[in-house]
Each structure stands twice: as C-alpha cells, then as structure tokens.
Protein chains: 2
Amino acid sequence: MTSQELKQCHDRIKPYIHRTAVLTSSLLNEISGADLFFKCENFQRMGAFKMRGAANGISQLTALQKEKGVVTHSSGNFAQALSLAAKSLGVKAYIVMPSNAPQVKKDAVKGYGGQIIECPPTLQDREETATKIQNERGATFIHPSDDLDVIIGQGTAALELLEDHPDLDYIFTPVGGGGLIAGTALAAHYYGNNCKVIGGEPFEVDDAYRSLLSGKIETNTTTDTIADGLKTQLGVINFPIIQKHVSEIIRVEEQEIIDAMGLIWERMKIIIEPSCAVPFAALLKEKEKFKHKKMGIILSGGNVDLGNLPF
Amino acid sequence: MTSQELKQCHDRIKPYIHRTAVLTSSLLNEISGADLFFKCENFQRMGAFKMRGAANGISQLTALQKEKGVVTHSSGNFAQALSLAAKSLGVKAYIVMPSNAPQVKKDAVKGYGGQIIECPPTLQDREETATKIQNERGATFIHPSDDLDVIIGQGTAALELLEDHPDLDYIFTPVGGGGLIAGTALAAHYYGNNCKVIGGEPFEVDDAYRSLLSGKIETNTTTDTIADGLKTQLGVINFPIIQKHVSEIIRVEEQEIIDAMGLIWERMKIIIEPSCAVPFAALLKEKEKFKHKKMGIILSGGNVDLGNLPF
C-alpha cells in the first residue's frame, strides 16, 4: 500500500462515515500521567470503526459485483457494519450468522437491512455457508479483518486522528482479528511523526502477542474474555503488516478491562464496549513507560447489551 | 435581569466551565420526527450543568465573603458543583449532607475538596445545620436552585446552545428545583428567535406542573421517582420567572423516563442520568406537536451509579 491509497480510501468512504470526535479528559490525563486523545469510534455509524472497512470493501467492487451483493460471516460489529455500508451503497448484504447468535444482534443486522443466513455454530459451517452464498448468488465475500481494503478502511480512523493531532507519540488500539491495528499501523507509518502503534490484548485471547513472539500466526486456546469482539484470529494479510509496523502488544487481565471500561464510563460519560476498553487498560497497566507522552487511543466501539453489564 | 447580565455571567464563569458539545443523532431525529440538538452538560465539569450556577454564585461574592467560604445543603450534583467551583476559585466549601447520603456521593464531594458536615436526614435539620455554619464561620449560603446568580449561571448552557443554533423553535429542560429551567427561559427570552421553553417533569414529582396551574408554589406529596435529581421544590425566586417565560410542563411516567434514557445510551453512546432523560421522554411523548421543529434539549447531567442501573 502507498500513502496515497489511504487518503484516496478516506475520500472514497467519507460520504458513508462520520468523522468522529476526539475527546480529552483532564481527569484521565491525571490518572495516566500522559496526554490522552480518544478517537471516538463508538460514535461512528452503527457504533464501531468497522463501518470504515466495510464501506471501503464495498466501494472497491465493480458495478457487476455490486449488483450481486456481498457476503460475510460475523455475529459481531462487522455484520452490522457490512449491512449498513451495503444499504448506504445500494448493495445487498448476506450475513452468515450462527443460529445461537443473540436475538439483539440478529435484530440489529435486520434493522440495517442485512439478510441473515443462519448456520450451525462452528467455524467450518460458517465458512461453508458463506461459500455456498458466493457460489449460488454470485455475492462477493468480504472478510471482517483479513482483507486489504478492509484494513485500509479501518486505518482512516488513525488518519483522521493524526490529521487532528499530528504529533502523537503513540496510538493504542485493541487487537482482535487484526484489521484495525494493521490499518492504524499503516496510517501511523505514512502520516505519523515517528508515531508508534501498540496493541492491547486480553491474556485470554493473546494470539497476537504470541504470534509476534513466534513469528507465525498462533491460535487461541482459551477465549473466556469479556472482550467478545477480540476473540477472532489474526489473518495472513494483516499479520505481516502487524509484524512490520506494530511496536508491541500489551496483555491485560479481565478485571483490568472492566476497571478501564468503568473509568471511561464514569469519567468521560461515554459508552464503550468491553473490547474497546482493552487498549486503555493496557496503557494504564504500563503507564510509567508513557509518562508525559501524547497518546492516541482508538475507542473502537460502543455496542453493549445494557441488560448485561459487568459493573 | 437584563440580557447583558447573562453575557457578563458567561464571560465571568468561562475559566471554570467547559463549553460543552452539541450532539445530533439521525436515528433519534427519525424516531422523534424533529431535528434534535442535544446540549451535553453530562460532559460538563463534575458531570452536570450545576457547575455553571455554582461558579457564578461564588464569582459574585466579595473578597471578604470569598475568604469566609460558602455553604450549601445538597446530597446531589450541586454539592459536587459547589465543591469543585469553590476549589477552582480558591474558596472553602462547606457541604451539609444528610448522614444517610450514599458513600459514593460523600466521596465525590470530598474528591472535589468540599468539607462535609453531616446532619440528620430531614429538611429542617439540613437548614438548621447550614444556618449554624453561616453563623459560626461567616460562610455565605448558596442555594442550589433558588438564587438569581445560580439561575443566571445555569442559563449559560442555553446561551451557548443558542449561539451555536440561533433558530431553535424550542428548548426542553428537566424541572427539579427550577434553577435550570428558569435560567434557560431567560436565555431563550433574551437570545432566542421566538424560542419557547418547555419543561419535562415526572408525574411522581409534578410540583412545577401543578404550580403553574394553580399560580402558587405547590409541594410534592410523592417523590418515588427514578429521577432523583428532580425531587426538589420550586422556589420563590425562580417560580415567577418560570411563570412568565416557560410555555408548558409535560409530565412523564417512570417507564417513559427509563425508555428515553435507554434510547440515548444505546443510540448516542453517551451516559446520562435518569433526571436528564426526562425532557427527552416528554418530547417523545408529545412528538406529534413538534414534528419538523428544531428542538434543543439540555442534557443536564451524567452522574449515575453504575452498580444500580434501571436496565
């Protein structure tokens, strides 16, 4: 990818996304000892940064591809993002979801106009069902995180953050499937002023941490984390970008995630989802290293089930 | 009061307050059928509009008065506001609180540097204790809502909102002690373009609704509402302003408050307290009247106990 491609992507998806606010909090600056700039993708359309990648993925299709629609498998934010991006671009979206996905997630996808295809709750079934939709309907598969157009789309959040604050020393993001951190790392590489990118990851799903150590993609053996958006695995497209451009992954405990989430809710009065609290938890955990630095933090999303909160 | 005084107040308190964001939501516009502009006083310092009135109340004191400190009785947001405003202005704040006030509220006041004086949990005890502090320490009493300087201070939220959006047709606020709605009504009167002010009030504490009907200050016989910030009574200074400049009070049920609060949490991803949801609940309840109008809504505050949510 070139620096130009990121800007072109940003121009391309601008009609379909919000330029989200960057918030600061003197109380959280005090607690962390650093200058924090929170990029509020929880305020993004459908409530998460995934809207960016989905919009770019669909925008890049040919007219014929657009006519046939897109398909993905996801029960999380990317399902909603692809549905809404497709609707915004006048394209049909098929969303393969496990039959046991929560009704609230199914309703959200339907609300954004996505057509749900249910399948048994295994990865193999999800992939097979998605392939079937590709074959039968000619729909184009768009992966939630391991797709270069999606990665570049996710990078536009950091691009905007660096436009607003060009002198950030670090940008923190969560690490799930790897799309956001890879896109962020590219944005920081091309547009930062020696800006380092660091990932936050729960100990429970530390595949990215271990993959960077071993030099090959590792899988998760446990996934018992409150950060449900981060259970996914790194992919072959984003991993080399992460290897090359991400400085470090910091792992955090479950209670540290809940505490960081509570701090942001209580002090900033904004709603973030558990996955979104992970990079802030990571920063607090090693705050001595970042004293007096200018820190960007991508707040990745705000979709929570209010009936099931960890407080 | 003159229009000039409101502007002067605003200039006076600017160093001590945030100019809060005005947020919009296309989803909530769709649901309400109107154009909504949310003035986010939940992002104000200490989490509520009360910071404005407290800062103005203290700013207006003489040097001698400032030396002796200020006193109020409150277990709610005004206790925190007066503590933080006093600290910001280098003044001592004595906060009379009922002995059964929640520890979290006592901690918040202490955190902002207020000195708590506990008293038995009756209104008479609160008033007597506050009088004692005035007499013994020479502190100046500042009422949370029935004080012209406090009222004018609260009006600066609407002043900012009208500076940003001069053509609002209506501004909605909650009605508790009456300070916010009285200040808002003055701001709309002087700086609005035929902008009407409407209050939202729970049925459970509808003293303002009944007072406007009867022409005299009525008291609440029930106070069993989730909107704990609105249990207070109108006062002799704010009531005539409300009579003259407020168009209407709309009453809402408890479930309507919870639903409106949930909508704002889920759709806007911001944290508001139950009292703060009341005007939006009122607007939704009578939304046919406000179709296609430009509506300002003062989101009064965001201080909630995360361990005790109504969802």
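These numbers were taken from a predicted model, which means no experiment stands behind them. What's counted below: heavy atoms across the whole structure, side chains too, no hydrogens, waters or symmetry copies.
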* Asked: Between Asn303(B) and chain A, which part of the residue has a heavy atom less than 4.5 Å away: side chain, backbone, both or neither?
  ->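 Both backbone and side chain of Asn303(B) come within 4.5 Å of chain A.
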* Measuring heavy-atom distances to chain A, does Leu309(B) have an atom under 4.5 Å in its side chain, in its backbone, in both, or in neither? ->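 Just the side chain, heavy atoms under 4.5 Å.
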Would you find more than 12 non-hydrogen atoms of other residues, nucleotides or ligands less than 6.0 Å from [X] atom [atom1]?
X	atom1	result
Lys293(A)	NZ	no
Glu30(A)	CD	no
Arg267(A)	CZ	no

* Asked: Does Phe43(A) reach the side chain of Ile270(B), with side-chain heavy atoms less than 4.5 Å apart?
  ->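 Phe43(A) vs Ile270(B): side chains touch.
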* Approximate separation, where rounding is to 0.5 Å, of Asp305(A) CG and Glu266(B) CD ->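 Here the rounded value is 8.0 Å.
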* Donor-acceptor pair, side chain of Lys269(A) and main chain of Gly302(B), under 3.5 angstrom ->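 Side chain of Lys269(A) to backbone of Gly302(B), a donor-acceptor pair under 3.5 Å: yes, one is there.
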* How far apart are the closest heavy atoms of Leu306(A) and Phe311(B), and which atoms are they? ->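 Result for this residue pair: O-CB, 3.7 Å.
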